[in-house]
Amino acid sequence: MQENCMIVQSGGPTAVINNSLIGIIDGISRTPFDGEIYGAVGGIYGLLHEEFVSLKNLSISERNRLRWTP
């Protein structure tokens, strides 16, 4: 069975929250973890309503852009 990762954050989109998101993704990418990485759109709302987005294949450019986007 393949394991996956779900990232759920609360609060509005800020550079701090986005940086913590990228930190989690970067940290996972340095491990042998090979499952999917999902983000819940809108935090808890997305989790409850099953609104997910794949975060596994974000390019370095997309990660850097997201890091500085509120």
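Predicted model only: the values in this text are computed from it and were never measured.
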Apply side chain to side chain contact (heavy atoms under 4.5 Å, CB included) to the pair N4 and Y38, showing each step before the final yes or no.
CA-CA 8 Å; N4 297 309; Y38 295 105; 4.2 Å; yes

List the steps and the verdict of side chain to side chain contact (heavy atoms under 4.5 Å, CB included) for M6 and V8.
CA-CA 6 Å; M6 172 69 67; V8 181; 3.6 Å; yes

Trace of the side chain to side chain contact (heavy atoms under 4.5 Å, CB included) decision for R63 with D26
CA-CA 9 Å; R63 290 182 199 185; D26 288 348; 2.6 Å; yes

Please step through side chain to side chain contact (heavy atoms under 4.5 Å, CB included) for the pair C5 and I7, ending with a clear verdict.
CA-CA 7 Å; C5 174; I7 301 172; 4.1 Å; yes

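No side-chain donor from either of N18 and R67 sits under 3.5 Å from a side-chain acceptor of the other.
The backbone N or O of I25 lies less than 3.5 Å from no partner atom in the side chain of K56, so there is not a single donor-acceptor pair.
With hydrophobic clusters built from ILVMFWY side chains whose heavy atoms lie under 4.5 angstrom apart, I24 shares a cluster with V41. At a threshold of 4.5 Å between side-chain heavy atoms, the hydrophobic network of Ile, Leu, Val, Met, Phe, Trp and Tyr places I28 and L58 in one connected group.
A40 approaches G46 most closely through the heavy-atom pair CB-C, 4.1 Å. Taking each heavy atom of I17 and S10 in turn, the nearest pair found is CD1-O, 3.5 Å.
Annotation: the span from E36 atom CD to L55 atom CG amounts to 8.0 Å, rounded to 0.5 Å. A distance of 5.5 Å separates CG in L21 from CG in L66, rounded to the nearest 0.5 Å.
Residues passing the salt bridge (Lys or Arg N to Asp or Glu O under 4.0 Å) test with R65, sequence neighbours excluded: none. Residues passing the ring-ring contact (aromatic ring centres under 6.0 Å, His included) test with Y45 are H49, sequence neighbours excluded.
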